[in-house]
Colleague: 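Take this structure first; my questions come after.
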Number of protein chains: 2
Amino acid sequence: MPRQRSTKQRRAIDAVLGNMTRPLSPQEILEQAKIEVPAIGMATVYRALNDLVEEGVLKTVDVAGQPPRYESAHLGHHHHFHCTRCDKVFELEGCLLKQDLQLPEGFFMEHHEITLNGHCPDCKD
Amino acid sequence: MPRQRSTKQRRAIDAVLGNMTRPLSPQEILEQAKIEVPAIGMATVYRALNDLVEEGVLKTVDVAGQPPRYESAHLGHHHHFHCTRCDKVFELEGCLLKQDLQLPEGFFMEHHEITLNGHCPDCKD
DNA sequence: CTAATTGCAAACAGTTTGCAGGCGT
DNA sequence: ACGCCTGCAAACTGTTTGCAATTAG
């Protein structure tokens, strides 16, 4: 079910996604898109995001107990920093997993996810 | 707001939690507790779980895109292995975070979470 | 024109909360 | 008996879906 038409709301959403410097939540994406298209509804944002994940353009970023964020699926392997004060999520380049990792007998690892939690530069006291 | 009374539903929930061999979801805890107290409601389970987390007895274990699970808060620092075939979560002893970790300027880390994903011994090909 | 796309509101799923009655202490 | 605790249902939050109106091609 590929997208067939280019609408002003979809272009607004694509612009927001194209300009984001950190993973955004559906709510944040809606707010940004409303600047361009004030009447845009949340359902349209969710439909666009689901389409883009299905197309392999976006990936979800899950932070414990919070609504998912979205980021480009084309970034290299990396992890995330979650600010516990402002709730923003930032990208951290490089792999943070221990090098000489040794799993118990019989386990086979395919992927891994790492989230660091703390304060971002804007939220330090 | 500490707990003050010992009820049969609370004892049933405590028994389920005391016997669990892996992190359980609220739904699973409800089902187990219903065996002892069939009339128990989901609200009671949620209230008990929230109390226990607040008291520092339980911790939540979040697996991307799945309902939260609960584990004892008294286990040492550890991480989790999520089997993508049977969906069980296993404890991995020790810390798996890279040692000489260096954060971007201005970031301060308080905690970190690591989840390895793959196949457990029972689910290998 | 014609049907894909949207906005709205209703439907959902998971979690929480208000309240009247039940039950520990 | 007092008042904490429970079950129920209603309220909430985040997300999906049905449908009529809008609008891209």
Side-chain angles (χ1 to χ4, degrees), chain A residues 1-17 20 23-55 57-71 82 84 86-89, chain B residues 1-17 23-55 57-71 82 87 89:
Chain A
M1 34 183 57
R3 167 155 304 274
Q4 307 187 348
R5 293 181 185 179
S6 171
T7 65
K8 63 181 189 292
Q9 20 297 75
R10 180 52 179 265
R11 267 175 267 128
I13 292 169
D14 288 346
V16 171
L17 298 174
M20 67 184 174
L24 298 181
S25 66
Q27 195 54 242
E28 290 173 309
I29 294 165
L30 176 68
E31 282 157 20
Q32 292 284 322
K34 264 188 192 297
I35 297 170
E36 281 293 308
V37 185
I40 193 171
M42 181 56 103
T44 299
V45 171
Y46 278 117
R47 280 187 275 239
L49 291 174
N50 289 340
D51 288 352
L52 290 167
V53 167
E54 192 127 343
E55 290 166 26
V57 174
L58 291 182
K59 273 185 180 172
T60 65
V61 178
D62 290 280
V63 172
Q66 298 209 6
R69 313 308 209 291
Y70 291 81
E71 70 180 3
H82 171 225
T84 55
C86 68
D87 262 0
K88 285 180 190 146
V89 173
Chain B
M1 37 185 53
R3 164 155 305 274
Q4 306 187 348
R5 293 182 185 179
S6 170
T7 65
K8 61 181 190 292
Q9 18 302 71
R10 180 51 179 265
R11 270 174 264 124
I13 292 169
D14 288 346
V16 171
L17 297 175
L24 298 181
S25 67
Q27 197 53 243
E28 291 173 309
I29 293 166
L30 176 67
E31 283 157 19
Q32 293 283 320
K34 265 188 192 295
I35 297 170
E36 280 293 308
V37 185
I40 194 172
M42 181 56 105
T44 300
V45 171
Y46 279 117
R47 280 189 274 238
L49 291 174
N50 289 340
D51 288 352
L52 291 167
V53 168
E54 191 127 343
E55 290 167 25
V57 174
L58 290 183
K59 272 185 180 172
T60 64
V61 179
D62 291 278
V63 172
Q66 299 207 8
R69 295 135 190 249
Y70 292 82
E71 70 179 4
H82 172 227
D87 253 7
V89 173

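Within every chain, numbering begins at 1; the chains are lettered A, B, ... in the order of the sequence lines, protein sequences first and strands thereafter.
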Colleague: What integer distance in Å separates Leu52(A):CG from dT5(C):P?
Modeller: 12 Å
Colleague: Starting the side chain at C-beta, find the nucleotide from dT15(D), dA24(D), dG22(C) nearest to Tyr46(A).
Modeller: dT15(D)
Colleague: Rounded to whole angstroms, how far apart are NZ on Lys8(A) and P on dA4(C)?
Modeller: 19 Å
Colleague: Heavy atoms from C-beta onward define the side chain here; which of dT6(C), dT6(D), dT16(C) lies closest to that of Arg47(B)?
Modeller: dT6(D)
Colleague: Leu49(B) has an atom CG; how far is it from atom P of dT17(C), in whole Å?
Modeller: 14 Å
Colleague: How about NZ on Lys59(A), more than 12 heavy atoms from neighbouring residues, nucleotides or ligands closer than 6.0 Å, or not?
Modeller: no
Colleague: Please determine, for the side chain of Pro67(A), which listed nucleotide (dG7(C), dA9(D), dG14(D)) has the closest atom?
Modeller: dG14(D)
Colleague: Rounded to whole angstroms, how far apart are CD on Glu28(B) and C1' on dG14(C)?
Modeller: 15 Å
Colleague: What's the CG-P distance between Asp51(B) and dT16(C), to the nearest Å?
Modeller: 11 Å
Colleague: If we ignore hydrogens and angles and just use 3.5 Å, is the side chain of Arg11(B) paired with the main-chain N or O of Ser6(B) as donor and acceptor?
Modeller: yes
Colleague: Do Ser25(B) and Tyr70(B) have side-chain heavy atoms sitting under 4.5 Å apart?
Modeller: no
Colleague: Please give, in whole Å, the distance from dT6(C) P to Gln9(A) CD?
Modeller: 5 Å
Colleague: Write down the distance between CG (Leu30(B)) and C1' (dC8(D)), rounded to a whole number of angstrom.
Modeller: 14 Å
Colleague: Compare all side-chain heavy atoms of Leu30(A) with those of Ile13(A) and state whether any distance is below 4.5 angstrom.
Modeller: no
Colleague: Arg69(A) has an atom CZ; how far is it from atom P of dG14(D), in whole Å?
Modeller: 11 Å
Colleague: Taking for each residue the nucleotide of DNA chain C with the nearest heavy atom, is it Arg5(A) or Thr7(B) whose nucleotide lies nearer the 5' end?
Modeller: Arg5(A)
Colleague: I want to verify a distance call: between dT5(C), dT15(D), dC4(D), whose nearest atom is closest to the Gln4(A) side chain?
Modeller: dT5(C)
Colleague: Can you tell which of Leu17(A), Leu49(A), Val16(A) makes a side-chain contact (heavy atoms from CB on, under 4.5 Å) with Leu24(A)?
Modeller: Val16(A)
Colleague: Please compare Arg11(A) and Met42(A) by the position of their nearest nucleotide in DNA chain D and report the one closer to 5'.
Modeller: Met42(A)
Colleague: Of Ser6(B) and Gln27(B), whose closest DNA chain C nucleotide lies nearer the 5' terminus?
Modeller: Gln27(B)
Colleague: Using the side-chain heavy atoms of Asn50(A), tell me which of these nucleotides is nearest: dT16(D), dA24(D), dG7(C).
Modeller: dT16(D)
Colleague: Out of dT17(D), dT2(C), dT15(C), which has the shortest distance to the side chain of Ala43(A)?
Modeller: dT17(D)
